[in-house]
Amino acid sequence: MEEWSRIPAAVRANLIKNYRKRLKSGIANKGKAHSPEFYFDTYHALWQNRAQVYGFKLQWTQMEPNAVDRILAYRLGIRQMGQTRWWEQEITIGGAIQKGQLLTYNLTELIKPDSYLVRLTPITRYGEGDASERIIKYSGPTPHC
């Protein structure tokens, strides 16, 4: 405490101000999750349920999952291309996500041949993180020659 009193008052005030700023920044950065990264090399990502609908296996990894508070869920938003209405659902995560862990969710009841915009947003106890988007396109079966 004696050493602290030897520091000029203006310098002490600046040290305290910078400390508080770094502390607030650290707390804010701890809570907001990075965006998920979609995995585009999924084998058999697309399947046909019935004549007019298809399904898609959505896969992703979480960028730096240990850099923030634990991700509790993802908000999945899906919108048919050319439409304005979003359909949203929460995907609950059971435990801690490991770096490089591949996460999967099956999208079903997609209408052929429509394309969809998919938005995935991680959620921690501090709120929503950064979202990622990708487009899902229907491609029919390739004929065998």
Side-chain angles (χ1 to χ4, degrees), residues 1 3-4 7 10-145:
M1 202 62 174
E3 293 172 5
W4 182 253
I7 298 173
V11 173
R12 282 195 315 248
N14 196 32
L15 286 170
I16 292 169
K17 179 181 169 188
N18 286 336
Y19 173 76
R20 286 182 178 151
K21 185 188 286 185
R22 285 198 329 254
L23 184 62
K24 285 179 185 176
S25 175
I27 290 169
N29 289 339
K30 186 69 178 159
K32 188 174 181 183
H34 297 285
S35 58
E37 298 175 317
F38 288 111
Y39 185 72
F40 288 90
D41 294 333
T42 304
Y43 186 68
H44 291 303
L46 188 83
W47 73 90
Q48 296 186 43
N49 288 347
R50 298 185 303 276
Q52 299 301 315
V53 292
Y54 69 100
F56 186 86
K57 184 187 292 186
L58 186 68
Q59 292 188 306
W60 70 94
T61 58
Q62 180 59 48
M63 184 188 338
E64 300 298 334
N66 299 323
V68 298
D69 198 58
R70 187 173 80 79
I71 293 170
L72 304 173
Y74 286 90
R75 181 170 326 289
L76 170 69
I78 186 165
R79 178 175 63 86
Q80 198 170 1
M81 298 300 286
Q83 302 295 320
T84 57
R85 197 176 86 199
W86 283 89
W87 173 82
E88 289 190 339
Q89 178 177 345
E90 198 166 280
I91 303 169
T92 304
I93 301 298
I97 299 170
Q98 303 302 311
K99 186 170 184 157
Q101 179 180 349
L102 193 59
L103 302 163
T104 301
Y105 185 81
N106 290 330
L107 302 172
T108 59
E109 303 299 318
L110 303 175
I111 299 170
K112 292 180 190 173
D114 293 344
S115 297
Y116 294 85
L117 177 62
V118 175
R119 178 183 298 147
L120 199 58
T121 309
I123 302 170
T124 69
R125 64 183 167 156
Y126 296 106
E128 294 187 353
D130 296 328
S132 288
E133 293 182 345
R134 76 168 286 183
I135 295 175
I136 306 297
K137 292 183 180 180
Y138 175 75
S139 57
T142 54
H144 300 291
C145 297

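This chain uses plain numbering: 1 for the first residue, then up along the sequence.
- Using bins of under 30°, 30° to 60° and over 60° for the plane-to-plane angle, the ring pair Y138/Y54 lands in the tilted bin.
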- Residue pair Y39, T104: steps toward the side chain to side chain contact (heavy atoms under 4.5 Å, CB included) verdict: CA-CA 10 Å; Y39 185 72; T104 301; over 6 Å; no

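- Around the CD atom of E37, the shell of radius 6.0 Å holds more than 12 heavy atoms that belong to other residues, nucleotides or ligands.
- With rounding to the nearest 0.5 angstrom, the CG atom of N66 is 9.5 Å from the CD1 atom of I71.
- When atom types are taken as modelled, the side chain of Q89 and the backbone of Y74 share no donor-acceptor pair closer than 3.5 angstrom.
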- Item | Worked check of side chain to side chain contact (heavy atoms under 4.5 Å, CB included) between L58 and W60 | CA-CA 7 Å; L58 186 68; W60 70 94; 4.2 Å; yes

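- When side chains are defined from C-beta on, E64 counts as touching K99, because their heavy atoms get closer than 4.5 Å.
- Contact detail for T121 and G129: the closest heavy-atom pair is CG2-O, 3.5 Å.
- A donor-acceptor pair is defined here as one N or O able to donate and one able to accept, closer than 3.5 Å; such a pair exists between the side chain of K112 and the backbone of A51.
- To the nearest 0.5 angstrom, Q80 atom CD is 5.5 Å from I111 atom CD1.
- Atom OG1 of T92 is separated from atom CG of L72 by 9.0 Å, given to the nearest 0.5 angstrom.
- Rounded to the nearest 0.5 angstrom, R125 CZ and R70 CZ are separated by 10.0 Å.
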- Task: Using the side chain to side chain contact (heavy atoms under 4.5 Å, CB included) rule, take I91 and L103 through it: C-alpha gap first, then chi angles, then the decisive distance, then the call.
- Result: CA-CA 11 Å; I91 303 169; L103 302 163; over 6 Å; no

- Message: For I78 and I136: C-alpha separation, side-chain torsions, deciding distance, then whether side chain to side chain contact (heavy atoms under 4.5 Å, CB included) applies.
- Response: CA-CA 10 Å; I78 186 165; I136 306 297; 5.9 Å; no

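- Residues M81 and D114 have side chains not in contact (no heavy-atom distance under 4.5 Å, counting atoms from C-beta outward).
- Not one N or O on the side chain of S35 forms a donor-acceptor pair closer than 3.5 Å with the backbone of D130.
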